[in-house]
Amino acid sequence: MDTFDAGKYHVTLFGHGNRIVFIPEKAESAERISDMSGQDTVIAALDGVDWNNDLTPWRAPGLRSGEFGDGAEEFLRVLTSDIIPMTLERLSVEEYELYLAGYSLAGLFAVWAATRTDIFEGVASVSGSLWYDGFIDYLTGARLLVPEIYFSVGEAESRTRSKRLAKVVDMTSTAYIIAKGQKIDTVMRLNHGGHFNEPEKRCADAVGWLTGDRRKEGNI
């Protein structure tokens, strides 16, 4: 384990190897994801993230009150310009593969980031908040700049009184279809349960698909 700070963000590195998966998560959760991944992969936990601002690309009404911000562009800049170079320096790797994964709003950020930079070999949206206002319209007109995208969502996540959240399974399916249409190597998996079921295991599954020898049955 290694830790360092990049501005307001605290980065913790777990594991060894030249495949590096960046994930907005607290260190404790990232360590469990690393343990479950069982591969020669580095999990880089990004803590200190303002979930209602750093992960959202434009302003939108909050779920219960307040407002989502538009800080994703700045967070992506810090990630690509500061955090990633610092990570590579500390790991002392010359050849490497970079990945981005995220759960919930971080999953939204991962897919959005895939339209803004080609630095990643693949991204994963795990129970991603693809219901976010205007996101699917944006994705329809955007070009995805990564070779691989992993989508997963809980089959019960649409069973909610919130009309916005109830769209998540349909919106994830639409994002998957968009990715397929752009010839991206992609998969969508339906998990048992709702949004809060086994988030760390779901993230570990995503890491395994992105960085491991994958089987494609299970695509929908």
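Heads up: numbering here begins at 1 and tracks the sequence. These values consider heavy atoms only, across backbone and side chains, with no hydrogens, waters or symmetry-generated copies.
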I'd like to know if [Y] and [X] are part of one continuous hydrophobic network [Ile/Leu/Val/Met/Phe/Trp/Tyr, side-chain heavy atoms within less than 4.5 Å].
X	Y	answer
Leu91	Phe22	yes
Phe14	Met36	no
Leu190	Met171	yes
Leu145	Phe109	no

Open item on the list: If I compare all heavy atoms of Pro24 with all of Ala101, which pair ends up nearest, and what's the gap?
Closed with: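 Scanning both residues completely, I find the closest heavy atoms to be CD-O, 3.3 Å.
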
- [ ] Would you indicate whether Met86, at its atom CE, is surrounded by more than 12 heavy atoms from other residues, nucleotides or ligands within a distance under 6.0 Å?
- [x]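 Correct, the count exceeds 12.
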
Task: Lys8 atom NZ: more than 12 heavy-atom contacts under 6.0 Å - done: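 Yes - once you tally the heavy atoms of other residues, nucleotides and ligands closer than 6.0 Å, there are more than 12.
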
- [ ] Please test Phe120 against Val21 for side-chain contact (heavy atoms from CB on, under 4.5 Å), starting from the C-alpha separation and ending with a verdict.
- [x] CA-CA 9 Å; Phe120 299 109; Val21 183; over 6 Å; no

Nearest 0.5 Å, please: how far is [atom2] in [Y] from [atom1] in [X]?
X	Y	atom1	atom2	value
Ile23	Cys203	CD1	SG	4.0 Å
Glu25	Ser34	CD	OG	13.0 Å
Ile149	Leu100	CD1	CG	10.5 Å
Asp185	Glu121	CG	CD	11.5 Å
Met188	Thr174	CE	OG1	9.0 Å
Thr87	Asp2	OG1	CG	9.0 Å

Are [X] and [Y] close enough that some pair of their side-chain heavy atoms sits under 4.5 Å apart?
X	Y	value
Asn18	Glu97	no
Ser129	Thr56	no
Thr12	His10	yes
Asp205	Ser152	no
Phe135	Trp58	yes
Ile43	Leu13	no
Phe68	Leu105	yes
Tyr103	Val126	yes

With sequence neighbours left out, what residues match [X] under side chain to side chain donor-acceptor pair (under 3.5 Å)?
X	answer
His16	none
Tyr138	Thr115
Glu67	Arg59
Glu200	Ser29, Arg32

Task: Residue list, salt bridge (Lys or Arg N to Asp or Glu O under 4.0 Å) with Asp40, at least two apart or on another chain - done: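 Not a single residue meets the salt bridge (Lys or Arg N to Asp or Glu O under 4.0 Å) criterion with Asp40.
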
Task: By salt bridge (Lys or Arg N to Asp or Glu O under 4.0 Å) - contacts of Asp133 (at least two apart) - done: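 Salt bridge (Lys or Arg N to Asp or Glu O under 4.0 Å) list for Asp133, sorted by chain: Arg164.
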
Open item on the list: Donor-acceptor check, side chain of Tyr132 to backbone of Pro57, threshold 3.5 angstrom: yes or no?
Closed with: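 No, because the side chain of Tyr132 does not come within donor-acceptor range (under 3.5 Å) of the backbone of Pro57.
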
Open item on the list: When you measure from the side chain of Asp50 to the backbone of Asn52, do you find a donor-acceptor pair of N or O atoms at a distance under 3.5 Å?
Closed with: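 Flag set: sc Asp50 to bb Asn52 pair under 3.5 Å.
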
- [ ] Kindly indicate, with the supporting measurements, whether the criterion side-chain contact (heavy atoms from CB on, under 4.5 Å) is fulfilled by Arg19 and Tyr99.
- [x] CA-CA 8 Å; Arg19 295 172 298 185; Tyr99 300 89; 4.2 Å; yes

Open item on the list: Suppose the criterion is ring-ring contact (aromatic ring centres under 6.0 Å, His included): which pairs have a residue in residues 139-161, not counting sequence neighbours?
Closed with: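 Checked against ring-ring contact (aromatic ring centres under 6.0 Å, His included) - neighbours excluded - the pairs reaching residues 139-161 are Tyr150-Trp209.
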
[X]: partners by side-chain contact (heavy atoms from CB on, under 4.5 Å), with sequence neighbours left out:
X	value
Ala114	Val123, Leu144, Val146
Glu157	Ser127, Val153, Val168, His195, Arg202
Ser158	Val169
Ala156	Arg159

TODO: Quick one: do Asn197 and Asn191 satisfy side-chain contact (heavy atoms from CB on, under 4.5 Å)? Show the steps, please.
DONE: CA-CA 9 Å; Asn197 282 76; Asn191 301 306; over 6 Å; no

Atom pairs and distances, side-chain donor-acceptor, residues 72-80, under 3.5 Å, sequence neighbours left out:
unit_1 : atom_1 : unit_2 : atom_2 : d
Glu73  : OE1    : Arg116 : NH2    : 2.7
Glu73  : OE2    : Arg116 : NH2    : 3.4
Glu74  : OE1    : Arg77  : NE     : 3.0
Glu74  : OE2    : Arg77  : NE     : 3.3
Glu74  : OE2    : Arg77  : NH2    : 2.7
Thr80  : OG1    : Leu76  : O      : 2.9
Thr80  : OG1    : Arg77  : O      : 3.3

